[in-house]
Amino acid sequence: MGYDTIVEDNIDVLVVGAGLGGTGAAFEARYWGKDKKIVIAEKANIDRSGAVAQGLYAINCYMGTRFGENNPEDHVRYARMDLMGMVREDLLFDMARHVDSAVHQFEEWGLPLMINPKTGTYQREGRWQIMIHGESYKPIVAEAAKKAADKVFNRICVTHLLMDDNKENRVAGAVGFNVRTGNYHVFKSKTVVVGAGGASNIYKPRSVGEGAGRVWYAPWSSGSAYGLMIEAGAKMTQMENKIVLCRFKDGYGPVGAYFLHLKTYTQNAAGEEYESKWFPALSEMVGKEYLDTENQHLSHKPIPTCLRNHAFINEVNAGRGPIYMVTKEAFQDPHLEEIGWHNFLGMTVGQAVLWAATDVDPKYENPELTTSEPYVMGSHATGCGAWCSGPKDVSPKEYYWGYNRMTSVQGLFGCGDAVGGTPHAFSSGSFTEGRLAAKAAVEYVNDGKADGIKVSDEQIDKRKEQIYKPMETYNVYRNAITAGSVNPHYINPRQGLDRLQKLMDEYCGGVTVSYMTNGNLLKIGLKKLGLLVEDWEDGIAAENVHELLRAWELRHRILTSESVIQHTLFREETRWPGYYYRGDFMKLDDQNWHVLTVSHRDPKTGEYTMEKAPLYHLTEDEDKEEAA
Ligand code: AMP
């Protein structure tokens with residue numbers, strides 16, 4: 001197609017995607033690998049990329065161990081409870097024991113952390129969250145990664161991982177194209193750390209048409225972390241554990257600072273508290289272990305995120321919506337009013353703009369809340385991602401195969417949303433995971449595990465042909481276009497995305513079906529997805545380089561979606577009411593499903609195999625720990 005091929009050779013650690021996870025990886029790779037060649041490939045620009053691009057108002061994962069606030073074990077217990085038991089405790093503990101040092105570094109690098117004037121320590125928003133002036137959080141952290149890396153390639157959409165031609169199941173780099181120049185980029189590398197983010201926009205969003213792109217998670221998060229790893233044959237875990245979030249309506253403004261710091265609360269249209277009404281029936285569904293409504297003192301605090309969603313969704317479905325956030329009381333305090341606005345101006349400016357544009361002043365009017373469409377991610381309150389090795393000192397044998405955060409593909413590591421079973425990492429925990437992954441990647445190289453890697457010209461040429469095929473398709477068939485964008489020979493990326501979002505929504509528990517699905521629906525969804533895959537492969541067309549980007553993002557979203565449907569079909573229970581429901585198995589079933597789910601897609605045939613993996617509780621319950 002006339003595009004140049006640019007080859008970057010002899011890389012030791014290639015970081016794919018430089019959000020908070022990837023920046024942590026580059027930084028730490030340099031610490032352990034002074035002599036190593038470290039390269040970053042980033043789809044946007046590292047200064048403003050990833051979920052933190054717009055800024056953040058809080059760091060949601062900080063133990064405060066030096067102030068005697070929490071221990072890593074406390075955080076494992078919290079995340080375990082919030083996820084209805086389903087977490088990788090080894091990975092969580094490992095992240096939690098290192099996360100504070102990452103936060104202290106951010107402060108050294110110039111991130112303004114708020115200080116509580118009474119205690120002189122960091123201003124807490126909640127037990128795990130500390131407040132920051134974080135509009136420039138990402139550029140500050142990016143600077144450290146830029147200094148650490150030998151080269152940063154911005155504007156590169158990585159489409160595939162390269163595999164070693166000498167040894168099965170060993171990674172050898174990645175390929176992609178520059179979204180501005182169109183040039184083909186080849187990165188030959190001994191290891192790859194994938195930090196390319198979770199997936200938004202695989203489900204039909206509530207905001208469509210002129211509001212498209214107004215979603216909660218970064219709209220450009222195309223599930224590339226999952227798409228790249230799945231296609232390379234990496235095992236995945238907990239992909240059924242998609243997340244639904246309670247958010248301010250239409251601007252998708254987060255609620256954490258409001259609930260936790262401003263102490264606002266919700267009520268239904270009649271001004272009533274509604275949550276507790278739903279808990280007795282919910283306790284029947286999930287069991288007393290998770291929600292003991294008779295012995296309130298034993299009941300978990302805070303209530304797991306999904307269960308709070310469940311009450312919200314059911315109250316709305318009972319006709320008593322909308323659900324309001326009661327801000328009128330808190331906003332009478334000028335300090336809290338200021339915090340309420342600052343929270344959005346530094347993090348989700350669209351929410352503040354939307355309120356201004358629609359005459360909503362939270363001081364005089366309680367704003368509406370909504371529940372979002374589902375997202376697939378592993379760093380907020382759910383744990384989708386790759387099945388990764390844990391650290392040697394804490395992981396049982398089923399969770400350990402040599403290198404921390406290495407996937408089931410040799411030399412392929414993950415961080416942030418890419419790693420499964422590690423929810424509640426948020427920004428700081430993702431950065432920490434990047435550090436842990438890169439440290440292990442350097443060790444892998446030093447141990448000679450990448451010796452003898454070979455990438456044939458054939459593999460590189462084959463990928464090039466594949467990558468630009470959508471542009472060829474467009475050129476061949478462009479004369480048949482009617483009605484602006486309709487063509488009997490192909491679909492364009494927007495048409496493909498609309499189809500994907502509709503089928504995920506209707507068959508895999510999106511908003512229009514109130515997050516409900518069942519085995520039959522999922523099987524129909526898989527069939528329809530198969531047809532979409534065929535249409536993508538035979539005839540997706542890209543008019544220009546920008547559409548080529550959209551075509552490959554769609555490819556990653558499709559691979560992610562297939563994994564989500566397969567996992568949702570496999571887990572025959574409703575483990576997280578409020579995230580999704582299996583109508584044919586409406587109860588939590590600990591007898592059969594107190595396990596982690598692991599999938600493998602055969603890279604040659606595309607066939608899926610699913611298995612159950614043991615769920616080890618490595619951290620004692622608090623009462624047992626105290627007794628000991
Ligand atoms: P969010 O602003 O919703 O993304 O959440 C930020 C942080 O606050 C996360 O650690 C959430 O788990 C936590 N959070 C949000 N809402 C609540 C709530 N009602 N109770 C306890 N924790 C919450």
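The first residue of the sequence shown is numbered 1, and numbering continues consecutively from there. Just so it is clear, the model here is predicted, and its values are computed rather than measured. As the structure lists them, so they are numbered: ligands from 1, and atoms in each ligand from 1.
Between the side chains of S224 and H556, a donor-acceptor pair is found at a separation under 3.5 Å. Counting only N and O atoms by type, the side chains of H310 and Y515 include no donor and acceptor under 3.5 Å apart. A side-chain donor from one of K242 and T568 sits under 3.5 Å from a side-chain acceptor of the other.
I339 has its side chain within reach of M131: a pair of non-hydrogen atoms, C-beta onward, lies under 4.5 Å apart.
Both tests do not hold together for R320 against Y274: distance to the six-membered ring centre under 6.0 Å, angle to the ring axis within 45°. Stacking of R88 on the aromatic ring of W387 is recorded, both the 6.0 Å distance cut-off and the 45° axial limit being met.
A heavy-atom cutoff of 4.0 Å around ligand 1 is satisfied by the protein residues N60, Y78, Q129, R247, P254, V255, G256, F259, L260, P302, R308, H380, H424, F426.
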